[in-house]
Amino acid sequence: MTSLLEQVGADPTPARVPAGRAGGSQAGTGAEEAGSGLAAVLSSSVQGQNAAVEAVVRAVTIANARLVPAGRPLANLLFLGPTGVGKTQMVRSLAGAIRTGEEDYCRVDMSSLAQEHYASSITGAPPGYSGSKEGFSVFDRGKIESSPGMPGIVLFDEIEKAHATVVRALLHILDNGFLRLANGHETISFRNCIVVMTSNLGAAELARFRRNRAAGLAAAAVDRLFSTDRAPALQRQHNEWLRRNESRILDRALNSFFDPEFLNRVDEVVRFDGIGRDVAHSLVRAEIADLVRRLRRRYVELSVDEKALAHLAAKGFSTEYGARALQRIIRTELLSPLAVWMADEQPSSSKPLKVLANQTGSGITCCTIP
């Protein structure tokens, strides 16, 4: 039975500790290396969120050491931050690291539970109502209870969009790691499960803050010096200033929306920062690298010059919409001319081709490389 850290560690030979609460344990000498391995996996998938990666690794390490009280989930984490910064992707990456793949987790779309009567989606229909005997609920039991060596993961996505009654229905899960369905006969155990909730609370206030005069002037000053030798230090100082102010905004939003009894059951509030220009460049490179890998399977070797990369990062950068804004720009500025080129050239196994995407004027063009 392997521990969840050993599944991503570079060396699986040290003593193994089960991730669940069943079975004996022995101190694992490779725990630190395995934790570093998990951090590397998460950081490569979700860039620019070092503090969030550390928080997730910390939660997994505590769970792996079986230090969590037996009557609770392995971890209750609330991911808080603006849209497009990697909250859901972090959960996908964690599932890919400690389970069988990035889709191997239970996702509950809380925006679809905006009415009070949808609380029955959590606990199942009460006796006398249709479906009560079957014990239907939104949960995928297999991905939650799982096995001792492979903890479950459940994601309550955009939890602030659910009705307050639905959110209160989760309190017993967060506190006792146990849910008895309304029919009284069936139960679901969350005690070998990592519970993650995501929220965009405070995103509108953050957007207004970044658009105000003080933040705008600071950002403009950094932009003017972005190409100078002082740029990295200035960018770090500016990001730290933003982080402090944004943390205060998020604290106010969090405490004004959620009941104290809900927040008191959360083990850690994990804050995701808005992306900066340096992260935007890294994200564009990562998206292009993924595109290059996909095109190779279709007998196309894609090269993108540095000017085109800088153009995509500059035009797609948005503190308000994050990585999704970059993806939209890549779609319109790069994928569109690339699709036209592929339709004209018709690459195939008998006709592999090389293509260069470069910036010409205000856009990007694609041309065949001899």
Side-chain angles (χ1 to χ4, degrees), residues 40 42-53 79-90 92-93 198 200 202-204 206-212 215-247 250 271-294 302-338 357-359 362-364:
L42 299 179
S43 296
S44 65
S45 179
V46 183
Q47 300 187 37
Q49 304 293 349
N50 294 335
V53 168
F79 289 178
L80 188 64
T83 183
V85 295
K87 299 187 296 297
T88 303
Q89 182 58 35
M90 182 74 79
R92 287 168 47 83
S93 299
T198 67
N200 295 329
L206 287 177
R208 283 195 293 271
F209 165 73
R210 289 191 173 225
R211 286 196 298 263
N212 74 19
L217 289 174
V222 172
D223 288 346
R224 285 196 298 271
L225 297 169
F226 192 75
S227 60
T228 70
D229 294 336
R230 297 176 58 198
L234 288 171
Q235 189 71 52
R236 284 194 298 271
Q237 293 174 13
H238 179 61
N239 290 344
E240 182 59 32
W241 178 79
L242 281 176
R243 192 175 295 112
R244 287 196 304 271
N245 285 276
E246 290 176 355
S247 180
L250 291 176
R271 290 185 172 86
F272 282 68
D273 299 323
I275 67 170
R277 291 188 180 275
D278 51 342
V279 176
H281 279 260
S282 298
L283 290 173
V284 169
R285 290 185 182 277
E287 290 285 338
I288 297 301
D290 180 64
L291 177 61
V292 168
R293 285 191 293 270
R294 287 187 281 123
L302 171 67
S303 299
V304 181
D305 70 8
E306 288 298 322
K307 287 185 178 180
L309 286 170
H311 169 76
L312 292 170
K315 192 166 184 180
F317 175 70
S318 170
T319 58
E320 187 170 355
Y321 298 110
R324 291 190 178 94
L326 292 169
Q327 291 168 346
R328 286 192 290 271
I329 287 298
I330 291 173
R331 177 182 177 85
T332 56
E333 296 279 324
L334 176 60
L335 298 189
S336 179
L338 182 60
N358 59 350
Q359 184 185 5
S362 59
I364 292 176

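Nothing here was measured: the structure is a model prediction, and the numbers come from that model.
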Closest heavy-atom pair, Val279 versus Gly48, reported as atoms and distance to 0.1 Å, is CG2-CA, 3.8 Å

Close side-chain approach of Ile329 to Val284, heavy-atom, < 4.5 Å
no

From Phe272 CZ over to Thr88 OG1, what is the distance, rounded to the nearest 0.5 angstrom?
9.0 Å

Can you give me the closest heavy-atom contact between Ile275 and Ala323, atom names plus distance?
CD1-N, 4.1 Å

Are Lys87 and Met90 close enough that some pair of their side-chain heavy atoms sits under 4.5 Å apart?
no

To the nearest 0.5 Å, how far apart are CD1 in Ile288 and CD1 in Ile330?
5.0 Å

For Ala203 against Pro82, the heavy-atom pair lying closest together
CB-CA, 4.2 Å

With side chains defined as the heavy atoms from C-beta onward, is the minimum distance between Leu338 and Ile364 less than 4.5 Å?
no

How many angstroms lie between CG in Asp278 and CG in Leu283, if you round to the nearest 0.5 Å?
9.5 Å

For Gln327 and Arg324, does a side-chain donor sit closer than 3.5 Å to a side-chain acceptor?
no

Compare every heavy atom of Ala310 with every heavy atom of His281, then report the nearest pair and how far apart it is.
CE1-CA, 4.1 Å

For the residue pair Glu287 and Leu326, establish whether any side-chain heavy-atom pair is separated by less than 4.5 Å.
no

Does CZ belonging to Phe317 count more than 12 external heavy atoms closer than 6.0 Å?
yes

Give a yes or no answer on whether the side chain of Gln49 reaches the backbone of Asp273 with a donor-acceptor pair at less than 3.5 Å.
yes

For Ala325 and Gly316, which heavy atoms make the closest approach, and how far apart are they?
CB-O, 3.4 Å

Is there a salt bridge (charged side-chain N to carboxylate O under 4.0 Å, His left out) between Arg285 and Glu306? Walk through the geometry before answering.
CA-CA 10 Å; Arg285 290 185 182 277; Glu306 288 298 322; 2.6 Å; yes

With rounding to the nearest 0.5 Å, note down the distance linking CG in Asn245 to CD in Glu240.
10.0 Å

Roughly how far, to the nearest 0.5 Å, is CG of Asn200 from CG of Leu206?
10.0 Å

Got a second to check how far Glu333's CD is from Gln359's CD, nearest 0.5 Å?
9.0 Å

